[in-house]
Amino acid sequence: MKAAIIGLPNVGKSTLFNALAAAGVPAENRPFCTIDPNIARVPIPDPRLDAVAAASGMQRKVQATLELVDVAGLVKGASRGEGLGNRFLAQAREADAAVHVLRCFESGRITHVSGAVNPVDDAEVVNTELMLADLASVERALDSARRSAKSGHPDLRQRAAVLEALHARLAAGQPPDPRRDQSLPPQPALSAKGEGSGSASSLPLLTAMPTLYALNVHENHLDSGGPADRAEAYAAQRHAPAVRVAAQLESELAAMPAGEQEALRAGLGLPEGALERFMQALRKLLKLNCFFTAGPSEARAWLIPNGATAHYAAGRVHTDFQQRFARAEVTPWQAFATEPQAAPELKGRDYPVRDGDVLRFRAA
């Protein structure tokens, strides 16, 4: 699973990347500090894994991870190649979801590309550029589809019709809405069979990408207040989740030893788990469930698409488990944490794995 961190220059994209990945990449007060993308596999903290490991006596714990890509800042005109627009857009299209960072803090040290902090205006600039880039992509695809449709083949004519409707929506300034437009399925991170599930008419549309708004705030506004209030309302209008995070402070904490982090966080009265909540929100955005395995040497968390079967989950652990699948022994994590020796439920290959299940696979 891959999420692209997007936004205007100087909004805190690389700072957030550092906070999440403890990577120490440059985060300077100048546009296009990031040119080549920074990439990291970021763990998803989950207290349920701690409980499963403790109950099973496993010392080693392996968290599930998501891949984050910190790409170059986007500016007005990026869809026409301004700034690093073409490179930015290509990198963003490769992701399964977008983390759209909005600057919601005032600072005399860090310049703003438009001269004033207004997260809603910033979001509109970025989303407009994404829509214009999609419109250009659809226009190219539509031109080809119209020529192909002259053959009279029903599928090619249907493809042209779908692209015609999509082009009309984008030209009218309306982003595609997978909830209403059944001809444009969402771009999933992973199908239950491990394949993309888009139709022949689907395109890697930036405006159809699931988006999490990361509201980069001053620590005084982690709960409420400040420009982030307007940004939250904007995200709600777009039916997108939004999470507040003090990226600069979190990046500084990430560079400290765990004990010092906890002491400073307690001394400043900061809430626990800001980054944990952020990563869990990203997991939910991608519609991913998490199951656990315990033994023989580690407790581990695994990500699978919502609705994936036990047979699919077995393949995530090892292809041999999937090929020789006989049954799955299933225990909800709460029950496993309190009584790990209790008899599990026996399930077949078509059992839909629930979020938080502890699984053990039996081979034929």
Side-chain angles (χ1 to χ4, degrees), residues 1-5 7 10-29 33-34 36-71 99 101 103-105 107 109-110 212 214-223 228 243-284 290 292-295 297-303 333 337:
M1 308 320 113
K2 180 187 294 186
I5 302 179
N10 286 5
V11 297
K13 298 185 304 301
S14 294
T15 305
L16 177 62
F17 180 87
N18 285 337
L20 292 166
V25 301
E28 301 172 10
N29 179 25
C33 172
T34 299
D36 295 319
N38 301 302
I39 302 173
R41 296 199 65 84
V42 179
I44 303 176
D46 193 328
R48 299 177 300 179
L49 177 61
D50 299 334
V52 169
S56 59
M58 298 294 161
Q59 297 296 316
R60 185 168 185 261
K61 297 177 290 186
V62 181
Q63 297 168 319
T65 62
L66 287 173
E67 185 173 294
L68 286 184
V69 182
D70 173 29
V71 298
V99 176
V101 181
R103 177 173 170 175
C104 300
F105 65 90
S107 173
R109 297 185 303 105
I110 303 174
L212 170 65
L215 312 184
N216 190 7
V217 300
H218 187 275
E219 53 263 33
N220 292 339
H221 294 149
L222 277 169
D223 293 323
V243 177
R244 296 184 184 223
V245 58
Q248 181 60 46
L249 179 59
E250 292 291 350
S251 68
E252 293 171 358
L253 288 170
M256 299 179 180
E260 293 182 21
Q261 284 189 41
E262 295 175 4
L264 183 56
R265 193 179 291 276
L268 295 173
L270 296 175
E272 291 289 338
L275 299 183
E276 288 84 346
R277 291 194 301 273
F278 179 91
M279 292 303 292
Q280 290 292 345
L282 189 53
R283 179 178 72 83
K284 291 179 181 178
C290 182
F292 305 99
T293 55
S297 60
E298 66 182 22
R300 185 164 185 158
W302 306 83
L303 294 178
W333 76 270

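Treat the numbers as computed from the prediction; the structure is a model and nothing was measured. All values below come from the heavy atoms of this structure, side chains included, with hydrogens, waters and symmetry mates left out.
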- [ ] Take V101 and T15 through the test side chain to side chain contact (heavy atoms under 4.5 Å, CB included) and record every step on the way to the result.
- [x] CA-CA 10 Å; V101 181; T15 305; over 6 Å; no
If you measure from [atom1] on [X] to [atom2] on [Y], what distance do you get to the nearest 0.5 Å?
| X | Y | atom1 | atom2 | answer |
| --- | --- | --- | --- | --- |
| L49 | W302 | CG | CH2 | 11.5 Å |
| M58 | D50 | CE | CG | 14.5 Å |
| M279 | I44 | CE | CD1 | 4.5 Å |
| E67 | M1 | CD | CE | 10.0 Å |
| L249 | L222 | CG | CG | 8.0 Å |

Task: Salt-bridge criterion met for R265 and E219 (N-O under 4.0 Å) - done: no
Please examine the side chains of [Y] and [X], heavy atoms only from C-beta on, and report whether any two atoms are closer than 4.5 Å.
| X | Y | value |
| --- | --- | --- |
| V42 | L66 | no |
| L16 | L68 | no |
| R283 | C290 | yes |

Looking at every heavy atom in both [X] and [Y], which two are closest together, and how far apart are they?
| X | Y | result |
| --- | --- | --- |
| L215 | C104 | CB-SG, 4.0 Å |
| P45 | Q280 | O-NE2, 3.0 Å |
| A247 | G12 | CB-O, 4.5 Å |
| A19 | S251 | CB-N, 3.6 Å |
| P43 | T65 | CA-CG2, 3.9 Å |
| F105 | V217 | CB-C, 4.2 Å |

Open item on the list: Check this for me: K2, atom NZ, are more than 12 non-hydrogen atoms of other residues, nucleotides or ligands nearer than 6.0 Å?
Closed with: yes
Backbone N/O of [Y] and side chain of [X]: donor-acceptor pair under 3.5 Å:
| X | Y | answer |
| --- | --- | --- |
| Q261 | L253 | yes |
| R60 | S297 | no |
| N216 | V11 | yes |

- [ ] List the steps and the verdict of side chain to side chain contact (heavy atoms under 4.5 Å, CB included) for Q63 and D46.
- [x] CA-CA 8 Å; Q63 297 168 319; D46 193 328; over 6 Å; no
Open item on the list: Under a 3.5 Å threshold, yes or no: a donor from one side chain and an acceptor from the other, between E252 and Q248?
Closed with: yes
